[in-house]
2 protein chains.
Amino acid sequence: MHLYCFNMTLSEEDYIKSIYHLSEFNSKSVATNAIAEQMKTKPSSVTDMVKKLSEKSLVNYKKYQGVSLSEKGRLVALSIIRKHRLWEVFLVDKLNFSWDEVHVVAEQLEHIKSDALIDKLDAHLGYPKVDPHGDPIPNKDGVFTKSIKKLISELPVGSQGVCVGVNDSSAAFLKFLDKNKIALGDTFKILEREDFDGSVTISTRAGSINISKQIATNLFLEIVDEE
Amino acid sequence: MHLYCFNMTLSEEDYIKSIYHLSEFNSKSVATNAIAEQMKTKPSSVTDMVKKLSEKSLVNYKKYQGVSLSEKGRLVALSIIRKHRLWEVFLVDKLNFSWDEVHVVAEQLEHIKSDALIDKLDAHLGYPKVDPHGDPIPNKDGVFTKSIKKLISELPVGSQGVCVGVNDSSAAFLKFLDKNKIALGDTFKILEREDFDGSVTISTRAGSINISKQIATNLFLEIVDEE
DNA sequence: ATTTAATTTTAGACAAACCTAAATAATTGT
DNA sequence: ACAATTATTTAGGTTTGTCTAAAATTAAAT
């Protein structure tokens with residue numbers, strides 16, 4: 001038996017992905033309203049769809065009790081996320097897109113149905129482990145190493161890690177990073193944090209620089225060593 | 001004003017493409033039944049859709065008189081075909097798909113909406129002029145050099161050309177070509193044709209070989225020089 | 001030139017995915 | 001504990017793209 005079904009509509013896939021992301025951290029059940037907000041639809045539409053997904057055993061659902069993904073649903077979600085992130089790597093590594101442009105296009109590409117395509121794309125990209133934002137790419141069976149990606153503002157002094165992503169992906173912010181010689185893949189160490197303004201001094205290849213709290217809350221590090 | 005509209009549904013795009021292909025050679029108007037057969041739907045569904053496309057000025061349509069693409073519709077068709085063929089090149093050149101596998105996947109990829117994506121893909125592939133089947137790739141403005149691709153069986157003795165495609169793309173046929181050292185991109189010259197069985201002698205890099213009429217009716221050459 | 005056959009269109013229905021408005025259940029505040 | 005608020009569901013309607021069956025038009029055949 002195949003792990004996930006191919007006969008899913010675009011809309012069904014989007015709902016599954018949405019539910020996955022909403023329950024990614026607080027692994028409780030997800031509220032109808034929360035899904036409606038994320039999907040930019042109305043709660044009544046969500047109820048309709050959730051019933052449908054429940055009949056397909058993709059979610060666990062009891063009236064008024066919220067929704068959670070079944071194991072089957074979780075695997076579907078992970079296969080979509082795998083595709084999304086592989087396409088993002090492709091767009092950045094091969095087509096020279098910048099971080100902030102890839103999401104919208106990947107949202108479309110993630111729905112392409114072809115196992116062979118994804119296998120070959122994966123090989124072509126050299127079996128990447130993370131996407132351009134530093135998020136882990138699940139393997140074929142939905143297995144992935146949980147990211148220990150954290151915002152600089154949330155890390156203690158002494159932490160060291162590889163810059164793997166941004167929170168704010170506006171053109172302005174990316175331009176700022178460029179000007180300050182901060183790039184994806186660089187290794188940083190957090191040297192000092194000022195209590196009064198939350199600014200942080202970090203060491204980079206180009207020496208040490210001080211970044212504002214606002215910047216610190218928008219840069220993700222993948223932790224290598226935490227003192 | 002943009003040359004083609006982005007707010008088209010998947011189904012609308014498929015109909016436009018279908019009408020384009022049906023009127024590609026006999027440039028008359030296309031019959032409702034013909035579209036229905038190609039699209040694997042019923043004639044009544046075609047009538048509905050054709051009315052809709054007519055209101056959007058994508059086709060010329062008068063009751064009981066058949067359909068033809070408007071200039072606008074033709075440009076939409078060519079932009080879809082451009083995408084389809086670029087993706088086919090990508091699948092073969094970069095992901096190592098074989099000729100016969102790419103069509104189905106490209107049918108999905110051709111609907112991805114992003115100008116930037118197609119521009120960058122085009123550049124990444126080195127601005128190819130033809131797809132893996134030897135069919136020409138229209139440029140951004142829908143301009144393309146009409147292919148002078150012909151079956152070996154239809155060419156006179158003395159013709160010379162580059163092998164650009166196959167008619168029958170079965171695994172068995174592709175295997176046969178492989179065994180006889182015939183590959184896409186090879187230059188052939190037609191040396192002789194036997195009247196009694198239609199078999200043809202062609203010169204290849206590896207010397208001259210005789211191919212049966214059946215093979216000759218399944219191999220396309222892009223003509224370089226015709227005596 | 002009619003009749004027959006084939007093609008095309010209309011009319012009415014259906015499923016998917018959405019909507020609004022009203023009803024019901026759960027939660028919160030006092 | 002119970003009224004008020006918020007969250008969720010139901011009921012009924014819309015649009016898109018499909019269908020079947022019947023009616024209308026065109027083409028073919030004798």
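In what follows, every heavy atom counts, from backbone to side chain, and hydrogens, waters and symmetry copies are set aside. Reminder, nothing fancy here: chain letters follow the sequence lines and each chain counts from 1.
- Ion pairing between a basic and an acidic side chain is recognised when a charged N comes within 4.0 Å of a carboxylate O; A:Lys140 and A:Asp119 show such pairing.
- For the ring pair (Phe, Tyr, Trp, His ring centres under 6.0 Å) with A:His84, the qualifying choice from A:His103, A:His21, A:His111 is A:His103, the only one to do so.
- For the pair B:Thr47 and A:Leu10, both in contact range of DNA chain C, the more 5′-proximal nearest nucleotide belongs to B:Thr47.
- The aromatic rings of B:Trp87 and A:Trp87 stand perpendicular to each other, their planes meeting at an angle above 60°, with 30° marking the opposite boundary.
- Taking every heavy atom of both residues into account, A:Leu86 and A:Asp122 meet most closely at CD2-OD1, 3.5 Å.
- Look at B:Tyr61 and you'll find a side-chain N or O under 4.0 angstrom from OP1 or OP2 of C:dT9.
- Considering A:Lys17, A:Lys83, A:Arg85, A:Arg82 in turn, A:Lys17 is the only one that fulfils the salt bridge (Lys or Arg N to Asp or Glu O under 4.0 Å) rule with A:Glu110.
- At a cut-off of 3.5 angstrom, the base of D:dT20 holds at least one donor-acceptor pair with the side chain of B:Ser44.
- Both A:Ser11 and A:Gln65 sit near DNA chain C, but only A:Ser11 has its closest nucleotide nearer the 5' end.
- Phosphate proximity of C:dT9 to B:Lys42: absent, as no side-chain N or O sits under 4.0 Å from OP1 or OP2.
- Not one side-chain nitrogen or oxygen of B:Lys63 sits closer than 4.0 Å to the OP1 or OP2 atom of D:dA24.
- Using a 4.0 Å cutoff on non-hydrogen atoms, the parts of residues 31-41 of chain A near DNA chain C are A:Thr41, ordered by number.
- Not one side-chain nitrogen or oxygen of A:Tyr15 sits closer than 4.0 Å to the OP1 or OP2 atom of C:dA16.
- Closest approach to the B:Ser45 side chain among D:dT16, C:dT8, D:dT18 is made by D:dT18 (side chain taken as heavy atoms from C-beta onward).
- A salt bridge is defined here as a Lys NZ or Arg NE, NH1 or NH2 lying under 4.0 Å from an Asp or Glu carboxylate O, and B:Glu13 with B:Lys113 meets this definition.
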